[in-house]
J.: 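Just passing along the structure, written as structure tokens.
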Amino acid sequence: MSSARQLLESESRWWGEHQHRYNEAIKLVKPSGIILDIACGTGFGTAALAAVTTGKVIGGDIAPEAIKECNDNWKRPNMAFQVMDGTALPFPDNHFDMIVSFETIEHTTRYREMLKEFARTLRSDGKLILSTPNAAITSPDGKIGNPFHTQEFRYQELKEILEAVFNETSLSGQRYSRYDKKSFKMSLGKLMETLFLSFGIRKLPYSFRSGIMKALFGYTLYPVAGDFILETNEPVIIKKCPVLFAVCKK
């Protein structure tokens with residue numbers, strides 16, 4: 001499995017997007033749900049899940065250094081971290097109420113084995129919450145640009161892969177929505193954002209670039225969780241989103 005872990009910092013172009021996915025998962029957590037957060041990275045999402053349930057929450061990652069970082073940074077009585085391989089989970093059948101797996105299956109060619117392990121360890125009414133890049137947007141010519149990805153999936157392909165393992169699968173699309181509202185100010189803000197993220201300008205300190213955006217438009221340069229939405233209704237719209245978001249039931 002290849003690796004590209006989310007940094008434990010809010011000053012990242014991807015932080016808000018990643019945080020938004022966990023916020024969506026939190027909406028589905030049972031009050032006493034037992035949860036596995038697989039490929040937990042730095043563990044911030046595991047901690048967020050543990051904060052809304054009295055059940056045990058386990059963060060798992062194949063990288064020992066990631067688990068060490070998690071144990072150093074997060075302490076909750078109902079939370080634990082351990083090294084594990086998603087294709088051979090060290091848990092009995094029907095153990096979890098929820099498994100969260102964000103941006104994981106594109107990192108291993110053994111993703112079918114991993115999905116079967118998720119299904120095996122979920123309870124009969126359990127849910128898998130999963131996200132992965134939409135190849136139609138991120139790799140439209142079929143050439144995967146991200147060196148950490150072993151494959152990427154389009155809407156229909158992901159749907160068929162998940163439906164081969166789970167009885168119910170609901171696919172949504174995650175997209176950036178900051179500039180949905182049309183106005184001159186928002187158009188100017190979008191232009192400034194594009195400029196400040198361009199190759200030459202982005203060498204300037206982030207605090208400087210973001211400070212200008214905050215002063216002029218009232219928001220930071222890098223998006224926050226509230227700058228993203230899930231498109232849930234029309235497949236034609238979902239297929240245009242850069243990230244596919246799935247909720248699967250056994």
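Source: prediction; values computed, not measured. What you see below is based on every heavy atom in this structure, not just the backbone, and it leaves out hydrogens, waters and symmetry mates.
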J.: Test side chain to side chain donor-acceptor pair (under 3.5 Å) on E103 and T132 and set out the steps.
T.: CA-CA 5 Å; E103 309 301 284; T132 192; 5.5 Å; no
J.: Are the side chain of D37 and the backbone N or O of L49 linked by a donor-acceptor pair below 3.5 Å?
T.: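 A pair under 3.5 Å: no.
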J.: Only distances under 3.5 Å count here; give the side-chain donor-acceptor pairs of residues 237-250 to other protein atoms, sequence neighbours excluded, each with its distance to 0.1 Å.
T.:
{"residue": "K250", "atom": "NZ", "partner": "N94", "partner atom": "OD1", "Å": "3.2"}
{"residue": "K250", "atom": "NZ", "partner": "A119", "partner atom": "O", "Å": "3.0"}
{"residue": "K250", "atom": "NZ", "partner": "L122", "partner atom": "O", "Å": "2.7"}

J.: Taking all atoms of both residues into account, what is the closest heavy-atom pair of L195 and S198, and its distance?
T.: O-OG, 2.5 Å
J.: Is a side-chain N or O of S210 found less than 3.5 angstrom from the main chain of L221, in a donor-acceptor match?
T.: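 Such a contact is found between S210 side chain and L221 backbone.
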J.: May I ask you to check whether over 12 heavy atoms, not counting those of K75, lie within 6.0 Å of atom NZ?
T.: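 Buried by this count: over 12 neighbours within 6.0 Å.
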J.: Without swapping roles, check the side chain of E117 against the backbone of L89 for a donor-acceptor pair under 3.5 Å.
T.: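 Looks like yes, one N/O pair under 3.5 Å.
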J.: What heavy-atom pair brings T232 and S172 nearest, and what distance separates the two atoms?
T.: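 Answer, listing the atom of T232 first, then S172: CG2-OG, 3.5 Å.
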J.: Can any side-chain N or O of R209 pair as donor or acceptor with the backbone N or O of F196 at less than 3.5 Å?
T.: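 Pair found, side chain donor or acceptor close to backbone of F196.
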J.: Can you tell me which residue among N73, I58, I67, V57 is in a side-chain contact (heavy atoms from CB on, under 4.5 Å) with F81?
T.: I67
J.: Indicate the ring-plane relationship of F91 and F96, choosing parallel, tilted or perpendicular according to the 30° and 60° boundaries.
T.: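 Because their plane-to-plane angle is over 60°, the rings of F91 and F96 count as perpendicular.
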J.: With sequence neighbours excluded, tell me which residues meet salt bridge (charged side-chain N to carboxylate O under 4.0 Å, His left out) with E163.
T.: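 Partners of E163 by the salt bridge (charged side-chain N to carboxylate O under 4.0 Å, His left out) criterion, ordered by chain and then number, come out as K159.
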J.: Do the side chains of Y179 and I137 join up, straight or via other hydrophobic residues, at under 4.5 Å, putting them in one cluster?
T.: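 No, separate clusters.
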J.: Is the F166-F118 ring centre distance short of 6.0 angstrom?
T.: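 Here the rings of F118 and F166 have centres that are no less than 6.0 Å from each other.
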J.: Using modelled atom types and a 3.5 Å cut-off, is there a donor and acceptor pairing between side-chain atoms of E69 and backbone atoms of T42?
T.: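 No; zero donor-acceptor contacts below 3.5 Å.
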J.: Closest heavy-atom contact between P90 and M84?
T.: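 Scanning both residues completely, I find the closest heavy atoms to be CD-CB, 4.1 Å.
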J.: Are I201 and Y219 connected in the hydrophobic side-chain network, where two residues link if heavy atoms are under 4.5 Å apart?
T.: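 They do share one cluster, since a chain of ILVMFWY contacts under 4.5 Å joins I201 to Y219.
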J.: Out of R110, K116, R112, which residue meets the side chain to side chain donor-acceptor pair (under 3.5 Å) rule with T87?
T.: R110
J.: Between the side chain of Q151 and the main-chain N/O of T108, is any donor-acceptor distance below 3.5 Å?
T.: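 Yes, the answer is positive, given that a donor and an acceptor are paired below the 3.5 Å cut-off.
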J.: Considering residues at least two apart in sequence or located in another chain, which fulfil the salt bridge (charged side-chain N to carboxylate O under 4.0 Å, His left out) criterion with E193?
T.: R178
J.: Walk me through it: do R175 and D180 pass the test salt bridge (charged side-chain N to carboxylate O under 4.0 Å, His left out)?
T.: CA-CA 11 Å; R175 69 171 181 85; D180 280 3; 2.8 Å; yes
J.: Can a donor-acceptor pair be found, under 3.5 Å and without considering hydrogens, that links the side chain of T121 to the backbone of H95?
T.: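 Judged by distance alone, no pair lies under 3.5 Å.
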J.: L216, L204: one ILVMFWY side-chain cluster at the under-4.5 Å cut-off?
T.: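 Yes: a chain of side-chain contacts under 4.5 Å links L216 to L204.
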J.: OG of S12 to NE2 of H18: how many Å apart, nearest 0.5 Å?
T.: 9.5 Å
J.: I'd like to know if K56 pairs up with D97 as an ion pair, taking the criterion as any Lys NZ or Arg NE/NH1/NH2 lying under 4.0 Å from an Asp or Glu carboxylate oxygen.
T.: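 Between D97 and K56 there is no salt bridge, as every charged N stays at least 4.0 Å from the carboxylate O atoms.
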J.: Quick check: closest heavy atoms across F153 and L158, and the distance to 0.1 Å?
T.: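 The pair with the smallest heavy-atom distance is CB-CB, 4.1 Å.
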J.: In plain terms, say whether E24 and R21 are close enough for a salt bridge, that is, a side-chain N and a carboxylate O under 4.0 Å apart.
T.: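 Answer for the salt bridge query: no.
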J.: So, the side chain of S177 versus the backbone of D227: is there a donor-acceptor pair under 3.5 Å, distance only?
T.: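 Pair found, side chain donor or acceptor close to backbone of D227.
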J.: Are I229 and M186 in one and the same hydrophobic cluster, where Ile, Leu, Val, Met, Phe, Trp and Tyr link if side-chain heavy atoms are under 4.5 Å apart?
T.: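 No; M186 is not reachable from I229 via cluster members.
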J.: Between M192 and F217, is the side-chain contact (heavy atoms from CB on, under 4.5 Å) condition met? List the steps.
T.: CA-CA 10 Å; M192 288 288 289; F217 306 108; 3.9 Å; yes
J.: Got a donor-acceptor contact below 3.5 angstrom from the N134 side chain to the R154 backbone?
T.: no
